[in-house]
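The chains referred to below are lettered A, B, ... by the order of the sequence lines, with proteins before strands, and numbering in each begins at 1. These numbers come from a predicted model, not from an experiment. Just so you know, these numbers use all the heavy atoms, side chains as well, and skip hydrogens, waters and symmetry mates.
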Amino acid sequence: MDRFKTHVLPLIQDQLIELGAGHLPLSRMLTASREADQGDLSLPCFGFAKVLGQSPAAIADSLAAAIPPHEAVASVRAVNGYLNFTAAADWMAASLLQQSQEQFTTDQPRTVLIEHTSANPNGPFHVGRARNAILGDTLVRLNRLWGNNVTAEYYVDDMGKQVAVLAWALAELTPERVEAILEEREPVNAQWAHKADHQRVRFYQAAQILRQDEEVKNSIEEAIGSLVHASEHGDENVLDAFQAAYQPVLDGMLETLARLGINFERFTKESTFVTNGDVAELMETLQGLEIHGEAENGAHFLDLGARGLKGKTEFFYRRGDGSSLYATRDIAYHRWKWQQSNALVNVLGEDHKLQAKQVGLTLEELNERRPEVVFYSFIKLPEGKMSTRRGNVVFMDDLLEEAQAQAATVVRELRPEYHEEDVIRIAEAVGTSAVRFNIIKVSPEKGFTFRWEDALTFEAGSAPFAMYSHTRACSISAKVAKIGRPQQPVTVPSSDEIPEGMRSLLRALCTQRDVLAKAVEEHRPHLFAEHLLQLANAYNAFYRDCPIVDGDTVNEFYFAVSELARERLQLGLTGLGLEPLQNM
RNA sequence: GGGCGUGUAGCACAGCUGGAUAAUGCAUCGGCCUCCUAAGCCGAAGAUCGCGGGUUCGAAUCCUGCCGCGCCCGCCA
């Protein structure tokens with residue numbers, strides 16, 4: 001509706017200048033109407049009352065009377081001090097049918113580096129980690145849809161304690177010992193027994209249990225501590241051993257993510273910045289800063305209280321032994337990232353808020369910009385927080401398998417005529433899409449409790465609902481293709497010949513681009529998800545009210561609108577990582 | 001204790017850069033398959049917007065106090 005606004009704005013502006021209120025920020029005041037029956041754009045006239053010395057209702061009335069007719073405007077009405085504009089259906093249809101691809105994407109594309117997921121490679125991907133990956137990948141997709149040039153990057157934590165624990169366990173424990181330690185827990189799901197992430201996490205979990213054991217914990221701690229120490233000083237043998245330990249796990253995790261349609265262009269290892277000297281150079285630079293401080297044992301910190309940080313203001317970036325900390329490496333990483341891209345977006349769990357603030361303030365201290373960060377609240381289970389260490393998790397592999405199975409049950413029931421291979425293909429698309437949508441439709445800062453019954457809903461308000469509208473459009477498309485008829489130009493009928501069911505569809509099609517722009521600029525994919533449901537819903541009303549094929553005759557105008565909607569539904573589904581099936 | 005976030009119908013959730021009758025889905029109740037796929041459509045009922053104060057012509061939205069929940073406050077990652 002931004003295009004509608006560009007037509008309406010000058011019409012009002014001229015009248016306001018005449019009335020003597022031309023200086024007010026009209027563009028900001030003219031906003032989308034809240035209810036569909038109010039129109040498309042509304043101008044509250046309360047703000048003019050004081051300046052003009054008249055009641056809002058009187059101002060709205062006189063504006064309504066003075067606005068000249070315009071092809072884009074169906075009606076201007078004054079209601080309760082509001083001036084409501086309704087877009088003309090024929091104008092919407094005509095401008096939508098003319099719009100080219102270039103007009104849909106941004107005219108100022110950015111180069112954006114989006115870092116997301118970056119989960120420690122110590123075990124299978126679980127639902128608790130999924131919000132990051134799904135949020136991040138959706139941001140990647142929406143940015144691309146908007147015309148931005150995007151790199152999706154996974155920052156591999158290849159030198160921390162978690163990897164050290166994994167490497168230690170793989171070197172020191174036998175499979176038999178591991179299973180003996182874990183006998184209280186559920187065994188590995190046989191279906192995933194071949195996947196290294198599921199195999200190796202057992203070693204990790206066993207080690208975590210041993211680390212609690214009074215008899216051996218000291219010696220283990222010492223062994224792991226020396227591994228961590230060596231990795232932080234860039235010991236290549238240790239780093240190689242770490243990589244040998246985690247790479248198969250990471251590969252397993254990526255296999256899971258790929259099933260959800262999530263892929264990365266680049267993997268950057270944390271240790272890179274230690275071995276190439278960036279971290280050492282960074283620490284030297286930080287030492288020269290005005291806010292630098294040193295503790296008794298030789299550890300270094302910055303006093304970020306001087307830069308507005310509240311609470312604990314000392315930010316330690318160097319240990320007493322001279323080694324770096326995770327945040328220090330993260331700063332080096334960010335300086336490197338700024339050389340790759342002119343916009344940085346990070347997707348982080350809310351537990352990283354303080355850390356991100358420290359990194360951001362330090363980057364500013366170094367005359368770099370801070371990245372844009374999208375924080376999300378954790379996904380918990382009804383029983384509580386998920387944890388790989390404790391083993392109370394829902395693995396993504398299990399969830400996707402279950403989703404597919406449930407979807408297959410539905411398909412078999414609804415479409416008994418389908419062949420089994422089609423059932424599986426459709427069920428896979430429906431299952432993975434439903435899982436993604438269930439998570440992406442909720443705004444990230446909201447706490448999220450994972451429930452099987454929510455994740456596996458295929459009704460209105462879910463991914464399959466939107467996918468279903470798309471298949472309806474596809475089947476019309478196929479039906480029309482089969483009829484085969486001479487190509488003729490589409491003529492848009494006058495507004496009063498356009499049924500109500502089509503109006504809501506035209507409106508939804510008109511607002512899609514505005515919503516995409518907002519979702520991308522504000523990093524809020526759920527807005528776009530919400531809109532896709534609206535679009536699908538509007539398509540269903542159109543489908544009901546506007547029969548396209550009647551025997552051998554095709555209503556060309558309806559068909560053109562249906563085709564546009566089909567393309568836009570497909571675009572919306574793809575943008576959210578949902579699979580646009582032809583039939584389901 | 002301090003910082004950040006969150007609290008909206010039975011459940012889940014949108015709206016939060018102030019504006020009209022607080023949107024949507026599930027669940028509940030009723031209607032629609034000789035008709036382009038009913039994973040759909042139409043309708044009904046359901047909300048002291050956590051509680052108290054304040055600012056404003058106008059507050060779910062802004063400020064403030066309290067209460068509940070989450071995360072953080074490591075020379076861990």
Exercise. Please work out which of the three classes, parallel, tilted or perpendicular, describes the rings of Tyr539(A) and Tyr543(A), given edges at 30° and 60°.
Key: tilted

Exercise. Return the orientation label for the Tyr155(A) and Tyr333(A) ring planes: parallel under 30°, perpendicular over 60°, tilted otherwise.
Key: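 It falls in the parallel class, under 30°.
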
Pick base, sugar-phosphate or nothing for [X], based on heavy-atom distances below 4.0 Å to the nucleic acid.
X: Val411(A); value: base
X: Ala295(A); value: base
X: Leu527(A); value: sugar-phosphate
X: Tyr543(A); value: base
X: Asn120(A); value: sugar-phosphate
X: His300(A); value: nothing
X: Leu325(A); value: sugar-phosphate

Exercise. Quick one: classify the glycosidic conformation of rC42(B) as syn or anti, with syn meaning within 90° of 0.
Key: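 Anti.
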
Pairwise [atom1] distance, [M] and [N] [rounded to whole Å]:
N: rC13(B); M: rU24(B); atom1: C1'; result: 8 Å
N: rA9(B); M: rC75(B); atom1: P; result: 42 Å
N: rA44(B); M: rU6(B); atom1: P; result: 34 Å

Donor-acceptor pair under 3.5 Å: do we get one between [X]'s side chain and the base of [N]?
X: Ser42(A); N: rA20(B); result: yes
X: Asn297(A); N: rC75(B); result: yes
X: Asn84(A); N: rA20(B); result: yes
X: Glu530(A); N: rA23(B); result: no

Exercise. For Val79(A) and for Arg329(A), find the nucleotide of RNA chain B with the closest heavy atom, then tell me which residue's nucleotide is more 5'.
Key: Val79(A)

Quiz item: Considering heavy-atom distances to RNA chain B, does Lys380(A) or Ile476(A) have its closest nucleotide positioned more toward the 5' end?
Solution: Ile476(A)

Return the pairing partner of [N] with a 3.5 Å limit on both distances, Watson-Crick or G-U wobble; otherwise return none.
N: rA45(B); result: none
N: rG74(B); result: none
N: rU17(B); result: none
N: rU34(B); result: none
N: rG65(B); result: rC51(B)

If only side-chain N and O atoms of [X] are considered, is one of them under 4.0 Å from the OP1 or OP2 phosphate oxygen of [N]?
X: Asn540(A); N: rC41(B); answer: yes
X: Arg319(A); N: rC76(B); answer: yes
X: Ser443(A); N: rA14(B); answer: yes
X: Arg544(A); N: rC42(B); answer: yes

Quiz prompt | Minimum-distance nucleotide to Arg451(A) side chain [options: rC57(B), rA12(B), rA20(B)] | solution = rA12(B)

Quiz item: Can you tell which of rC13(B), rC75(B), rC26(B) lies closest to the side chain of Lys446(A)?
Solution: rC13(B)

Quiz item: Can Glu221(A) and Arg211(A) be counted as an ion pair, charged N to O under 4.0 angstrom?
Solution: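 Salt bridge: yes.
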
